[in-house]
Amino acid sequence: MEELCPICEGAGMRVVERPNGVRMAVPCDCAAKRKAARMIGHARIPQRYQHCTLDSYETMGNRSLMTALMQARNFVKAYPFDTGGNGLLLTGSIGVGKTHLGVGMLQALIAERGARGLFFDYRDLLKQVQNSYNRSVDVTELEILQPVFEAEVLVLDELGANKPTDWVWDTVAHILNTRYNDRRTTIITTNYANLPPLGGELNAAKATMREETLGDRIGERMRSRLQEMCVPVEMTGQDFRQTVKRATFA
């Protein structure tokens, strides 16, 4: 059972006295907190990441991660008037906390700035779109993508994780171009380096030995578009999931 606010006792209003001695009822702070909690609940944040906030993000003294956290905090403070519809592109290896930082920003933007936002895993979103082509499924591609297009703030996690195909590239282009044209804020995480495709510069043997880039995974045209709509934030460090957050039975 939810505890009653000790100030308004659940009424949602509190009495204040003005300097001229007039007493009046104003909304209690708890009402804003409840509203923010409802909006966060509607943001589709997976249960695994619901605890992720900017305050709980661990930098472990890593200068790169400390800089990324500072940029995230500054972005929240500047939103929306000084961000111009731009977002952030969080890049880095597995386990440096990109998703934690993205979710932390989303929660802060909702709670502190009143933004309406959504979280989508890139792979899950593409599966939902593909599934809409099944005649037995009573949902259309547009119905799935409409909330993605219209979200005031969208966190798109693990961009580039799916094997690149023409269909994947077309779907990514549809999402990013729509949000770019509508000047909606998009926060993206990816494990791939923010570099152009390198396949054409290497022979087949060498190409299989080097790591793929974001350009390889989503195409250079869309990677270039991201540079216009997102500020790149590179995050480097150890994989926290193999060290600090490794699963145990203890």
Inset, instruction - Kindly check if the number of other-residue, nucleotide or ligand heavy atoms within 6.0 Å of CD (Q146) is above 12? - result: yes
Inset, instruction - Identify the heavy atoms of S132 and I144 that sit nearest to each other, and give their distance. - result: CB-CD1, 3.7 Å
Inset, instruction - Answer yes or no: is there a donor N or O on one side and an acceptor on the other, between the side chain of T213 and the main chain of P196, under 3.5 Å? - result: yes
Inset, instruction - Please answer whether the main-chain N or O of E220 pairs with a side-chain N or O of S224 as donor and acceptor at a distance below 3.5 Å. - result: no
Legend entry - cation_pi(R184, F149) dist<6.0 Å, angle<=45: no
Legend entry - With R183 via salt bridge (Lys or Arg N to Asp or Glu O under 4.0 Å) - residues at least two apart: none
Inset, instruction - On the 0 to 90° scale, with breaks at 30° and 60°, tag the Y133-W167 ring pair as parallel, tilted or perpendicular. - result: perpendicular
Legend entry - Under-4.0 Å salt bridge between R44 and D121: no
Inset, instruction - State whether the side chain of D216 and the backbone N or O of E212 hold a donor-acceptor pair below 3.5 Å, judged by distance alone. - result: no
Inset, instruction - Indicate yes or no for a side-chain donor-acceptor contact from R113 to the backbone of P80 under 3.5 Å, with no hydrogens or angles considered. - result: no
Legend entry - Main-chain N/O of G215 paired with R223 side-chain donor or acceptor, under 3.5 Å: no
Legend entry - Donor-acceptor contact below 3.5 Å, side chain N177 vs main chain A173: yes
Inset, instruction - Taking all heavy atoms of L54 and all of L69, pick out the closest pair and write down the distance. - result: O-CD1, 3.8 Å
Inset, instruction - Please answer whether the main-chain N or O of A78 pairs with a side-chain N or O of T83 as donor and acceptor at a distance below 3.5 Å. - result: no
Inset, instruction - Enter the distance from I187:CD1 to L156:CG here, rounded to the nearest 0.5 Å. - result: 11.0 Å
Inset, instruction - Kindly say whether L145 contributes a backbone atom to a donor-acceptor pair with the side chain of Q128 at under 3.5 angstrom? - result: no
Legend entry - T67 side chain to R63 backbone, donor-acceptor under 3.5 Å: yes
Legend entry - Chi angles and distances behind the side chain to side chain contact (heavy atoms under 4.5 Å, CB included) call for Y122, V168: CA-CA 11 Å; Y122 172 74; V168 169; 3.1 Å; yes
Inset, instruction - Among T186, I188, I175, find the residue that satisfies the side chain to side chain contact (heavy atoms under 4.5 Å, CB included) test when tested with L159. - result: I188
Inset, instruction - Report whether L65 and V231 are members of the same hydrophobic cluster (ILVMFWY, side-chain heavy atoms less than 4.5 Å apart, transitive linking). - result: yes
Legend entry - Main-chain N/O of K98 paired with T189 side-chain donor or acceptor, under 3.5 Å: no
